[in-house]
Amino acid sequence: MGRKVFVSYKYADRHVLSLPGIFDTRVRDYVDILQSKFDSTDHIFKGEDDGEDLSSLVDSTIGSKLGDKIFDSTMTIVLISKGMRESRPEEDQWIPWEVSYSLREQSRDGKNSKTNAMLAVVLPDIFGSDEYFLQPNPGCTSTTYMTNILFRILGENMFNMKAPATRPCNGNIVHSGYFNYIHVVRWNDFISDINKYIEIAYDIWRNRDNYLLRKFV
């Protein structure tokens, strides 16, 4: 079944692995690949198109346009990139706002929307590594999530299962299963099997009462 998917990302972030044939690769170039993949499925891309210039609009107008698209979506994919955060307050940046809007239940013109299913897709940095966020922990056969690099609303919707399966290892607690509401997947894994990970996100969404959700920036 086709899903209406909104994609949240830092448009001009250049802290990503160069794509073949694309000089000065930005996160937007990864979105173009994702959008082309969607074109071969029955999923519907709800983000802004590459030719849709929002830069000249005031914030309230951009918020309205993006809000319309998120309201009409049932899933949000957040692209995690090394330079996604700016130094200014998080409440003044678009990704946290888009994530918050995606998680909240909304009413518009007599219509209601539910909390979106969510995915976080980790993009490789300029060296082709995702260890800026996903650090291997071979001693525990696990991966450490560096949630401190994320916006708070993203980090606090990970490791937020009310009763997770855990085990101790070397003085730490290791989680297993679907312990994040915002499920995390590497770019290469996701792009090779989009439907698999979208359905994982919807399985988590169906059990969303098992998670403590932070819905506001």
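Since this is a predicted model, take the numbers as computed values, not measurements. In what follows, every heavy atom counts, from backbone to side chain, and hydrogens, waters and symmetry copies are set aside.
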Q) Within the side chain of T25, is there an N or O that forms a donor-acceptor pair under 3.5 Å with the backbone of L19? A) yes

Q) Below 4.5 Å, heavy atoms only, C-beta onward: do R152 and R214 meet side chain to side chain? A) yes

Q. Does I95 belong to the same Ile/Leu/Val/Met/Phe/Trp/Tyr cluster as M146, with side-chain heavy atoms less than 4.5 Å apart forming each link?
A. yes

Q) When rounded to the nearest 0.5 angstrom, what distance separates CG in L17 from CD1 in I126? A) 9.0 Å

(Q) To the nearest 0.5 Å, what is the distance between CG on L123 and CG on D29? (A) 11.0 Å

Q) To the nearest 0.5 Å, how far apart are CH2 in W205 and CG in D203? A) 11.0 Å

Q) Just by modelled atom types, is the D189 backbone N or O under 3.5 Å from a matching donor or acceptor in the S192 side chain? A) yes

Q: Consider only side-chain heavy atoms of I, L, V, M, F, W and Y, link residues closer than 4.5 Å, and tell whether V31 and I22 are in one cluster.
A: yes

Q.
With heavy-atom distances below 4.5 Å as the criterion, would you say the side chains of I70 and W97 are in contact?
A. yes

Q.
Is there a path of hydrophobic side-chain contacts, each under 4.5 Å between heavy atoms, that joins F38 and Y11?
A. yes

Q) With the threshold set at 4.0 Å, does a side-chain nitrogen-carboxylate oxygen contact exist between R14 and D24? A) yes

Q) Distance from T76 atom OG1 to K69 atom NZ, nearest 0.5 Å? A) 13.0 Å

Q: Fit a plane to each ring of H175 and F179, take the angle between them on a 0 to 90° scale, and name the class: parallel (under 30°), tilted (30 to 60°) or perpendicular (over 60°).
A: tilted

Q: Would you check, one step at a time, whether the test side-chain contact (heavy atoms from CB on, under 4.5 Å) holds for N157 with M118?
A: CA-CA 10 Å; N157 282 295; M118 303 286 296; over 6 Å; no

Q) Does the pair Y30 and Y9 meet the rule for a ring-ring contact (aromatic ring centres under 6.0 Å, His included), with working shown? A) CA-CA 10 Å; Y30 283 82; Y9 60 99; over 10 Å; no

Q) Any side-chain heavy-atom pair from T115 and E105 closer than 4.5 angstrom? A) yes

Q. Linking I/L/V/M/F/W/Y whenever any side-chain heavy atoms sit under 4.5 Å apart, do M158 and V174 land together?
A. no

Q) When you measure from the side chain of D13 to the backbone N and O of G83, does any donor-acceptor pair fall under 3.5 Å? A) yes

Q | Y132 atom OH, neighbour heavy-atom count above 12 within 6.0 Å | A | yes

**Q.** Heavy-atom pair with the smallest gap, counting every atom of S81 and V16
**A.** CB-CG1, 4.2 Å

Q. Which heavy atom of P96 sits nearest a heavy atom of F151, and at what distance?
A. CG-CD2, 3.3 Å

**Q.** Closest approach of N148 to R85 (non-hydrogen atoms, all atoms of both residues)
**A.** O-NH1, 3.0 Å

Q | Nearest heavy-atom neighbours spanning R88 and Q93 | A | O-NE2, 2.8 Å

Q | H15 and D125, any side-chain heavy atoms less than 4.5 Å apart | A | no

Q) Without hydrogens or angle criteria, can the side chains of T74 and Y202 be said to hold a donor-acceptor pair below 3.5 Å? A) yes

Q. Where do F159 and N180 come nearest, in terms of heavy atoms and distance?
A. N-OD1, 2.6 Å

(Q) Assess the residue pair F190 and I77 against the criterion (side-chain contact (heavy atoms from CB on, under 4.5 Å)); give the C-alpha distance rounded to whole Å, side-chain angles, the decisive distance to 0.1 Å, and a yes or no. (A) CA-CA 11 Å; F190 177 67; I77 294 173; 3.6 Å; yes

**Q.** pair Y145-L134: side-chain heavy atoms closer than 4.5 Å
**A.** yes

Q | Atom pair CD (E199) and CE (M75), whose distance is rounded to the nearest 0.5 Å | A | 8.5 Å

Q: Give a yes or no on this: more than 12 heavy atoms of other residues, nucleotides or ligands lie within 6.0 Å of atom NZ of K196.
A: no

Q.
Looking only at side-chain N and O atoms, does R208 offer a donor or acceptor that is under 3.5 Å from a partner on Y181?
A. no

Q | Closest approach of S100 to K215 (non-hydrogen atoms, all atoms of both residues) | A | OG-O, 2.6 Å

Q.
Any heavy-atom pair between the side chains of L212 and K162 that's under 4.5 Å?
A. yes

Q | Nearest-0.5 Å distance that lies between atom OG in S142 and atom CZ in R167 | A | 6.0 Å

Q) Below 4.5 Å, heavy atoms only, C-beta onward: do L154 and M84 meet side chain to side chain? A) yes

**Q.** Co-membership, hydrophobic cluster, residues L119 and I33, 4.5 Å side-chain
**A.** yes

Q: Report the C-alpha separation of N160 and L213 in whole Å, then their side-chain angles, then the decisive distance to 0.1 Å, and conclude whether the side-chain contact (heavy atoms from CB on, under 4.5 Å) test is met.
A: CA-CA 7 Å; N160 62 331; L213 299 184; 3.8 Å; yes

**Q.** Beyond-backbone contact of L34 with I194, side-chain heavy atoms, under 4.5 angstrom
**A.** yes

Q.
Pair D130, W187 - check side-chain contact (heavy atoms from CB on, under 4.5 Å), show working.
A. CA-CA 9 Å; D130 53 31; W187 167 259; over 6 Å; no

